[in-house]
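Note on naming: letters A, B, ... go to the chains in the order of the sequence lines (proteins, then strands), and numbering restarts at 1 for each one.
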Amino acid sequence: VSDSNDFAVRFAALEARVQRLEDESQIRRLIASYGPAVDSCTAEAVVDLWADGGTYELQHGGYTSETIHRIVESDLHLKYVAAGSAHVMTTPRITIQGDTAVVLNYSTVFVHASNGWVVDRAAANRWDLERTERGWKVRRRVNRLVDGSAAARDLLAGEDPPPSVPG
Amino acid sequence: VSDSNDFAVRFAALEARVQRLEDESQIRRLIASYGPAVDSCTAEAVVDLWADGGTYELQHGGYTSETIHRIVESDLHLKYVAAGSAHVMTTPRITIQGDTAVVLNYSTVFVHASNGWVVDRAAANRWDLERTERGWKVRRRVNRLVDGSAAARDLLAGEDPPPSVPG
Amino acid sequence: VSDSNDFAVRFAALEARVQRLEDESQIRRLIASYGPAVDSCTAEAVVDLWADGGTYELQHGGYTSETIHRIVESDLHLKYVAAGSAHVMTTPRITIQGDTAVVLNYSTVFVHASNGWVVDRAAANRWDLERTERGWKVRRRVNRLVDGSAAARDLLAGEDPPPSVPG
């Protein structure tokens with residue numbers, strides 16, 4: 001009995017480790033799905049990334065899970081798409097704690113110009129994620145341009161993001 | 001006996017989950033191997049990424065597994081290498097189904113210029129992969145510049161790529 | 001007894017496979033932590049990535065684990081931070097062998113300018129890592145600009161890096 005109990009404990013521990021790796025895999029896929037969704041103007045694919053009530057907070061304005069479908073219709077976005085754009089999400093630094101996770105990475109937007117592509121945006125991103133019935137989703141994404149201001153540096157230093165402002 | 005059967009099922013399920021994570025790890029490594037191979041002009045390392053009979057389809061022309069070694073000898077490539085180039089593959093969005101997988105990502109080519117580096121190419125990529133006796137390999141890679149045309153957007157939206165054109 | 005022995009072997013093999021995946025996860029996080037650490041000038045977070053006695057070797061000079069905290073105080077770095085910078089580490093190609101690992105990737109530094117961002121550096125990186133009591137850490141990082149010289153191509157081809165030069 002003792003052996004079998006020991007073993008049940010060891011097996012459950014291994015299952016938990018595999019679950020943790022699967023969580024990370026799903027989070028990585030979530031982040032990697034943003035670019036293809038916006039660059040192809042697939043509004044429903046963007047919406048699907050957010051948790052109900054989740055937010056996307058940019059420096060000037062933002063979106064909620066109820067308005068995020070409009071992101072592919074904004075003037076800036078339509079300009080990007082007409083020119084040709086690649087919203088590249090860089091390798092995420094993932095920290096999982098149970099049913100929530102924090103991800104830090106950069107987003108860079110490459111836009112086609114007369115001679116090659118220009119980097120029209122480079123921003124620090126903090127993603128607060130949560131495990132939902134639909135899988136890992138975005139509770140809150142904060143995006144701050146790396147333009148020399150403290151806002152991006154604070155995010156990258158791991159400080160808590162500023163209070164949420166409804167979009 | 002029932003316990004032991006239950007357990008065998010649970011163990012096999014966990015083994016399958018670990019296999020799935022290993023598949024993803026190998027696919028990620030495959031994608032991450034392309035840049036170092038071409039930027040160092042290591043033709044055999046490029047060839048090794050493709051499945052027998054696999055293709056690499058660009059907007060103007062392409063390669064098969066039998067001709068892909070020539071990619072490091074093309075005029076454009078030699079110009080890149082002389083200047084200094086980095087073929088960067090962005091975080092792949094991986095979808096595995098049994099022995100095949102579909103990957104979406106962007107490729108960006110940074111080329112050294114008089115003052116820093118320019119982005120000479122930014123493209124959407126769809127990779128159709130398959131598990132072979134040599135591990136996960138490329139059955140088909142389709143590359144479309146993000147230049148405002150529909151071709152890249154269609155790939156990123158998840159639509160099937162156009163019929164294959166032999167290189 | 002034979003069954004139970006067989007099973008113990010199978011279980012240990014699965015544990016080892018999971019450990020290997022966890023090693024990779026930790027290595028990926030190590031690489032993804034470099035950018036946020038330097039771009040936020042968090043010296044202690046940079047120091048924490050290196051093994052005791054580890055080195056960071058650039059083309060002109062370098063650092064050891066004892067001097068690496070100064071990297072966020074260099075003239076070039078202060079210029080980057082004042083303008084706004086994103087040190088982006090691209091998807092790593094990871095090769096693990098027991099308690100050591102070799103990683104190849106590119107680093108690109110995006111710096112804010114009057115009109116968007118410029119790519120001020122693009123370099124090939126080889127990271128020699130080791131498992132320490134504090135987790136996976138950098139024993140040696142070699143960084144070579146992709147500027148057409150052979151140094152970057154040799155790193156990307158998988159050749160051994162040049163003899164270490166103390167920083």
For each of [options], tally heavy-atom pairs with chain C at distances under 4.5 Å, and name the one with the top tally.
options                               : result
A:Val109, A:Asn105, A:Thr91           : A:Thr91
A:Thr108, A:Val118, A:Ile94           : A:Ile94
A:Arg121, A:Arg20, A:Arg153, A:Glu159 : A:Arg153
A:Leu104, A:Thr90, A:Leu21            : A:Leu21

C:Cys41 SG to A:Leu156 CG distance, which is reported to the nearest 0.5 Å: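 If I round to the nearest 0.5 Å, the distance is 10.5 Å.
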Euclidean distance, C:Arg29 CZ relative to A:Glu24 CD, rounded to 0.5 Å: 9.0 Å
Within 6.0 angstrom of C:Glu66 CD, more than 12 heavy atoms from elsewhere: no
Neighbour count >12 (heavy atoms, 6.0 Å) for atom CD, C:Gln97: no
What part of [X] is in contact with chain C, defined as an atom under 4.5 angstrom from a non-hydrogen atom: side chain, backbone, both or neither?
X        : answer
A:Asp120 : backbone
A:Ala157 : both
A:Thr95  : both
A:Arg144 : neither

Steps toward side-chain contact (heavy atoms from CB on, under 4.5 Å) verdict (C:Trp117, A:Val146): CA-CA 9 Å; C:Trp117 278 258; A:Val146 291; 3.5 Å; yes
Part of C:Ala86 lying under 4.5 Å from any heavy atom of chain A: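 Both backbone and side chain of C:Ala86 come within 4.5 Å of chain A.
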Residue C:Ser25 versus chain A: region with a heavy atom under 4.5 Å: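 Its backbone and side chain both get close to chain A.
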Most heavy-atom pairs under 4.5 angstrom with chain A, which of [options]?
options                             : answer
C:Thr42, C:Val18, C:Leu14           : C:Val18
C:Ala83, C:Ala113, C:Ala8           : C:Ala83
C:Ala32, C:Pro92, C:Pro36, C:Gly116 : C:Pro36

Plane angle bin for A:Phe11 and C:Phe11 - parallel if under 30°, tilted between 30 and 60°, otherwise perpendicular: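 Judged by the thresholds at 30° and 60°, the geometry between C:Phe11 and A:Phe11 is tilted.
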Backbone N/O of C:Met89 and side chain of A:Tyr106: donor-acceptor pair under 3.5 Å: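 Judged by distance alone, no pair lies under 3.5 Å.
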Ionic contact status for A:Arg10 with C:Glu15, cut-off 4.0 Å: yes
